[in-house]
Number of protein chains: 4
Amino acid sequence: MAINSVNVLFTHALADTALSAKQKEVLKASLVLFSEQGFDRTSTSDIAKKAGVSEGTVYKQFKTKEGILAAILKPFAQSVIPTAASEFVTMISSTSYPSLEEFLRHVVQNRMQFAKENKLQLKIFAQELLHNTELVQALEAEIKPKLIKQMGQVLEYYQKQGQLVAWPAVRIFRYVISVVFSYLVPYLLLELPLDVEEASQEAVEFLLGGLSPATK
Amino acid sequence: MAINSVNVLFTHALADTALSAKQKEVLKASLVLFSEQGFDRTSTSDIAKKAGVSEGTVYKQFKTKEGILAAILKPFAQSVIPTAASEFVTMISSTSYPSLEEFLRHVVQNRMQFAKENKLQLKIFAQELLHNTELVQALEAEIKPKLIKQMGQVLEYYQKQGQLVAWPAVRIFRYVISVVFSYLVPYLLLELPLDVEEASQEAVEFLLGGLSPATK
Amino acid sequence: MAINSVNVLFTHALADTALSAKQKEVLKASLVLFSEQGFDRTSTSDIAKKAGVSEGTVYKQFKTKEGILAAILKPFAQSVIPTAASEFVTMISSTSYPSLEEFLRHVVQNRMQFAKENKLQLKIFAQELLHNTELVQALEAEIKPKLIKQMGQVLEYYQKQGQLVAWPAVRIFRYVISVVFSYLVPYLLLELPLDVEEASQEAVEFLLGGLSPATK
Amino acid sequence: MAINSVNVLFTHALADTALSAKQKEVLKASLVLFSEQGFDRTSTSDIAKKAGVSEGTVYKQFKTKEGILAAILKPFAQSVIPTAASEFVTMISSTSYPSLEEFLRHVVQNRMQFAKENKLQLKIFAQELLHNTELVQALEAEIKPKLIKQMGQVLEYYQKQGQLVAWPAVRIFRYVISVVFSYLVPYLLLELPLDVEEASQEAVEFLLGGLSPATK
DNA sequence: TATGAATGAGAGTTCATTCAT
DNA sequence: TATGAATGAACTCTCATTCAT
């Protein structure tokens, strides 16, 4: 009964086939419908209708309805996970170690921008996370070590410099992520506008206050 | 196609009927199944089986499957909404205006405790919020004015005292709420343990840093 | 699947028990609901509600829903069938053989009056006849011989007197009955008023014209 | 609770789609089952079984069980209503005004023939009329004005010629229709044979007697 | 006796999926 | 390749009937 969402993300990968125009329509229609109504409340007939193709065509490329979900979430998940971590490393090593403020601003702004560009995927992903404990655990197992390992040294650098409070990496991530989400949630759920520049400015202002060792 | 969850919460009130033992079993089974699998992936036959009753019994009290959802979420929503706001007022007026730290600790701890006691309802509620834009808007319209009006004066008090940064109330709420959630999410989704005492201590420590005017 | 309506009328007879006040309410409610919505579209819960009793009570006297139908139709059918026939005999033998016109007027008026007094039963009966060929056949087998036998001599009397065309009894009955129904149908289905006096006057006027041998 | 049969007849028109062979089987099976057992006592599973298709197929073309009823009754109702009226007009104007006898014989014979060819539809229609006051009223509003207007002049013609008694049109229709039905009812309900030629001959003989002014 | 909670079979309907065309 | 008719299992819900209280 429950959807096997771990498979959805990690095995049913959409063969990197070049999709035909109709297949792309199917994907676009599904993206909109899943994000608006949820996966379960969207029928394959709804998708076919919105995509302007027959039901048979929906099944040509994506063997099952879950296959469509996979085709949507797979590239999304792959962008969230490794990028988030490796990007920082690249940044750190390629630049001359900017200040914590510059670092946070870059990270926060970058993730907000990503969320804005993947709004619908993010909503679908969140829905999936909520009914699927397994998927959450698989994701955690995937992301956490990478993040900790790769970011650990960056945080340590700022901690040694006295710019960052000496909390464990997990605790620091927790706050950064949650503050980023505090700006995304109204944007995602209430369809309010999001000015990434301004929002990340504000977020960093608050984060710096909370994460700076000076005040402790 | 979409569930009319606004009605679910605000009109279909479960008559405060004393429920029979079997009806309570139905509610308990539904609570667990909805929170684990989601509303749509739970069939009334699943509920009947888990509750140890016939399918007919499921429908005797709760006229529809949505009716069961309503019976679960109604009391929950009613606890979240007015309590959150009125509680602060009560606290403020009944006590001798404690420090911002004490105030935050009380609020944070209280809400975490509530979330812990209503874990399953909270998951179901979150799922519903994600596919139901209407519901989100109705909730926002309901909560926001109450919160702003009742809390505005409290925040102002701390701001005048120089304990709280001079940001708009909405911005301050945003951070408090998101930091509380940063502790709840792993508890809700990964089934990790939650030590409310410790978590609220940590959360407040961070919040005070970010919200204190001294560092600006 | 089909209701065993032959049994309904001829075997499940309602024991001639004196009905309690509640049982009478059940019967009254059923009469109204069956005639308005049809037997199948009326639930026993509807009946209980309208009668102001519990569902259990509905089943105390009438073992099944069909039993209620039987309790309604049995006395009705028994009034239609033997009365129709025996009444004429009584009339003929007790009076001094009136004219055909007087005879027809009496018969037509009497049956219209009966229909008016049993409007609801008649509608229910008609509904039952339409889905139940068996019942129709049983009724025909019951009524036809009686009618022919008992009425045959009466008609013959008028035929010998030259007041009535020399058609077979069945043909004559056919016209009399259908003309009576031509006045009943609008009353039953369109809820139009029915002035029995006037209607029977009109009906007899037409029937006499059609049945008089003079014009042939 | 009551079926919305007015809509069934006047709006839900079955798109004049060419039906597939299976869809026609569904319609044929429904026609037989509805006429034998009644709409309510026929399940969609019965229909599927008799038609030799899956239950899903029953719903592919006809969105609901009522949709099947509509697909059966719509063309029937449309044939009864305008034809009945317009045909006479056509006949009168195209021929050299035949005698009343010829006119009645044509009308009676034509309607009996139609009933014979649409026996099952007629039974279903009659069942529907009996539980549906609304439908009856809608039909009356539809038919009566047409009939009166178009037939009024025809009757007047015969009345002026002294072939027809000077009764109102409604009264004359009443008798014609009821005499036609007097031959149809045994055919419909008792499955007796119907010789249209002979029956219409007999019917007209009686009608002429009753409707001729000579004897009044 | 009267109640109404409980039952469970079966109703109408939907929908992911298949496959002949 | 693309279609959409066809499938049938599973779903939500109803209801005649029973029975402990």
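Throughout, a chain's letter reflects where its sequence line sits, starting with A, and its residues are numbered from 1.
- The backbone N or O of F39(D) lies less than 3.5 Å from a partner atom in the side chain of K65(D), making a donor-acceptor pair.
- Distance from the side chain of E55(A) is smallest to dG4(F) among dT13(E), dC15(E), dG4(F).
- Checking the phosphate oxygens (OP1, OP2) of dA16(E), no side-chain nitrogen or oxygen of T64(A) falls inside 4.0 Å.
- Between T57(D) and dA5(F), a side-chain N or O to OP1/OP2 separation shorter than 4.0 Å is absent.
- Interatomic distance, L73(A) CG to N118(A) CG, rounded to the nearest 0.5 Å: 11.0 Å.
- Rounded to whole angstrom, the span from the CG atom of L69(A) across to the C1' atom of dT17(E) amounts to 17 Å.
- Rounded to whole Å, the distance from CD on Q61(A) to C1' on dT1(F) is 13 Å.
- With rounding to the nearest 0.5 Å, the separation of CD in E36(A) from OG1 in T42(A) is 8.5 Å.
- Between the C1' atom of dT17(E) and the CD1 atom of I47(A) lies a distance of 13 Å, rounded to the nearest Å.
- Annotation: of the two residues near DNA chain E, K22(B) and K22(C), the 5′-most nearest-nucleotide partner is K22(C).
- For E25(C) and dT3(E), the CD to P distance is 12 Å, given to the nearest whole Å.
- Contact between the side-chain N/O atoms of T44(B) and the OP1/OP2 oxygens of dT12(F) is found at a separation under 4.0 Å.
- Checked against dT18(E), dA16(F), dT12(F), the side chain of Y59(C) finds its nearest nucleotide in dA16(F).
- Residue S54(C) has no polar side-chain atom (N or O) positioned under 4.0 Å from OP1 or OP2 of dG4(E).
- Side-chain proximity of S20(D) to dA6(E), dA5(F), dT18(F): nearest is dA5(F).
- Between F34(C) atom CZ and dA16(F) atom P there is a gap of 9 Å when expressed in whole angstrom units.
- Between H131(D) and H131(C), the ring planes lie parallel to each other; the angle is under 30°, not in the 30° to 60° tilted range.
- Projected onto DNA chain F by closest heavy-atom contact, S45(C) and Q23(A) fall at different nucleotides, the more 5' of which corresponds to Q23(A).
- The pair E128(B)-R41(A) meets the salt-bridge criterion, with a side-chain N (NZ, NE, NH1 or NH2) lying under 4.0 Å from an Asp/Glu carboxylate O.
- Within the 4.0 Å cut-off from OP1 or OP2 of dT12(F), not a single side-chain nitrogen or oxygen of K63(B) is found.
- Regarding K24(D), its NZ atom lies at a distance of 14 Å from the P atom of dA5(F), rounded to whole Å.
- With a cut-off of 3.5 Å on both Watson-Crick or G-U wobble distances, the partner of dT17(E) is given as dA6(F).
- Around atom NZ of K28(A), no more than 12 heavy atoms belonging to other residues, nucleotides or ligands sit under 6.0 Å away.
- Taking atom NZ of K60(B) as the reference point, atom P of dC15(F) lies 11 Å away to the nearest angstrom.
- Between D40(D) atom CG and dG10(E) atom P there is a gap of 18 Å when expressed in whole angstrom units.
- Residue G52(C) is the one, among G52(C) and A21(B), whose nearest nucleotide of DNA chain E lies closer to the 5' end (criterion: closest heavy atom).
- Phosphate proximity of dG12(E) to K65(D): present, with a side-chain N or O under 4.0 Å from OP1 or OP2.
- Both V53(D) and G56(A) lie close to DNA chain F; mapped to their nearest nucleotides by heavy-atom distance, the more 5′-ward contact belongs to G56(A).
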